[in-house]
Amino acid sequence: MNRKLLINCHLYMAALFAPVLLIMGFTGGMYLLGYKGSLEEKLVFHIAADKVNFQQDNKAATVEQLLQMAQIEHSFDSVVGGGRSLMTRPSSTRHYQFKLEDDRVIVLERNPSVLRALIELHKGHGPELF
């Protein structure tokens, strides 16, 4: 490998990785300073809790069932939570939270601000490919 090719490879790799490093430093600093971004929540659906098996082992099946009942088309990588709350991932984009409250299940659509989305990516809550 000659020197010119090596330098060009180094420059191209730096051009790709430098923005990622800058974003990670920026979001980490903002988080430490207490700026965590905002999250817009909107109630989109609720259903009686007895119509849903919220405690079953397969959380993804529960979420798919609830999304079908609410007539929401949404793809997700995984589901986190347990007990009385489930949430779809990635949470760096529009995602849904499912809360079991008293006798009903509430479905919330959650839209993060740009800062919140970048912080979620920093935390590793982005798409699986990321």
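These numbers come from the heavy atoms of this one structure, side chains and all, not from hydrogens, waters or symmetry mates. Just so it is clear, the structure is predicted and the values come from calculations on it, not from any experiment.
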**Asked** Which value, rounded to the nearest 0.5 Å, describes the distance between His46 atom NE2 and Arg104 atom CZ?
**Response** 5.5 Å
**Request:** Answer yes if Ile119 and Ile23 sit in the same cluster of Ile, Leu, Val, Met, Phe, Trp and Tyr residues linked by side chain heavy atoms under 4.5 Å apart, and no otherwise.
**Result:** no
**Message:** If you compare all heavy atoms of Pro127 against all heavy atoms of Pro90, which two are closest, and at what distance to 0.1 Å?
**Reply:** N-CB, 3.5 Å
**Request:** Would you sort out whether Leu108 and Phe45 count as a side chain to side chain contact (heavy atoms under 4.5 Å, CB included), showing the intermediate values?
**Result:** CA-CA 7 Å; Leu108 298 169; Phe45 184 72; over 6 Å; no
**Asked** Nearest 0.5 Å, what's the CD-CG distance between Gln97 and Leu39?
**Response** 8.5 Å
**Request:** With side chain to side chain contact (heavy atoms under 4.5 Å, CB included) as the test, would you mind laying out the steps for Leu86 and Thr62 before giving the verdict?
**Result:** CA-CA 9 Å; Leu86 298 174; Thr62 302; 4.2 Å; yes
**Fill in**
Scanning both residues in full, the closest heavy-atom pair of Ser85 with Lys99 reads OG-CG, 4.4 Å
**Prompt:** Given side chains that start at C-beta, do those of Met30 and Leu115 come closer than 4.5 Å, heavy atoms only?
**Reply:** yes
**Message:** Test: side-chain hydrogen bond (donor to acceptor under 3.5 Å, both in side chains). Region: residues 11-33. Which pairs qualify, not counting sequence neighbours?
**Reply:** Thr27-His122
**Item:** Contact summary for Ser91 and Pro112, nearest pair of heavy atoms
**Value:** O-CG, 3.8 Å
**Message:** Is there a path of hydrophobic side-chain contacts, each under 4.5 Å between heavy atoms, that joins Phe76 and Leu66?
**Reply:** yes
**Asked** In the single-linkage hydrophobic clustering (I, L, V, M, F, W, Y; side-chain heavy atoms under 4.5 Å), do Leu100 and Val79 co-cluster?
**Response** yes
**Asked** Can you find a heavy atom in the side chain of Leu43 that is under 4.5 Å from one in the side chain of Ile106?
**Response** yes
**Request:** Provide the closest heavy-atom pair for Ser92 versus Ala117 in the form atom of the first, atom of the second, distance.
**Result:** O-CB, 3.2 Å
**Request:** Could you list the residues that satisfy side-chain contact (heavy atoms from CB on, under 4.5 Å) with Val44, not counting sequence neighbours?
**Result:** Lys42, Ile72, Tyr96, Val107, Glu109
**Asked** Quick one: CG on Leu6 to CG on Leu11, what's the gap to the nearest 0.5 Å?
**Response** 10.0 Å
**Message:** Nearest 0.5 angstrom please: Asn58 CG to Gln65 CD, how far?
**Reply:** 11.0 Å
**Fill in**
Between the CZ atom in Arg3 and the CD1 atom in Ile7, the distance rounded to the nearest 0.5 Å is 4.0 Å
**Item:** salt bridge (Lys or Arg N to Asp or Glu O under 4.0 Å) contacts touching residues 64-83 (sequence neighbours left out)
**Value:** none
**Item:** Set of side-chain contact (heavy atoms from CB on, under 4.5 Å) partners for Leu33, sequence neighbours left out
**Value:** Tyr35
**Prompt:** How about Leu21 and Phe26: do any of their side-chain heavy atoms sit closer than 4.5 Å?
**Reply:** no
**Asked** To the nearest 0.5 Å, what is the distance between CG (Leu67) and NE2 (His74)?
**Response** 6.5 Å
**Where at least one partner belongs to residues 6-16, residue pairs that pass salt bridge (Lys or Arg N to Asp or Glu O under 4.0 Å), sequence neighbours excluded** = none
**Prompt:** With sequence neighbours excluded, what pairs up with His95 under the side chain to side chain donor-acceptor pair (under 3.5 Å) test?
**Reply:** none
**Request:** Please check if Ile47 and Val63 belong to a single hydrophobic cluster, counting links between Ile, Leu, Val, Met, Phe, Trp and Tyr side chain heavy atoms closer than 4.5 Å.
**Result:** yes
**Request:** Grab the two heavy atoms, one from Arg84 and one from Glu101, that are nearest each other, plus how far apart they are.
**Result:** NH2-CA, 4.0 Å
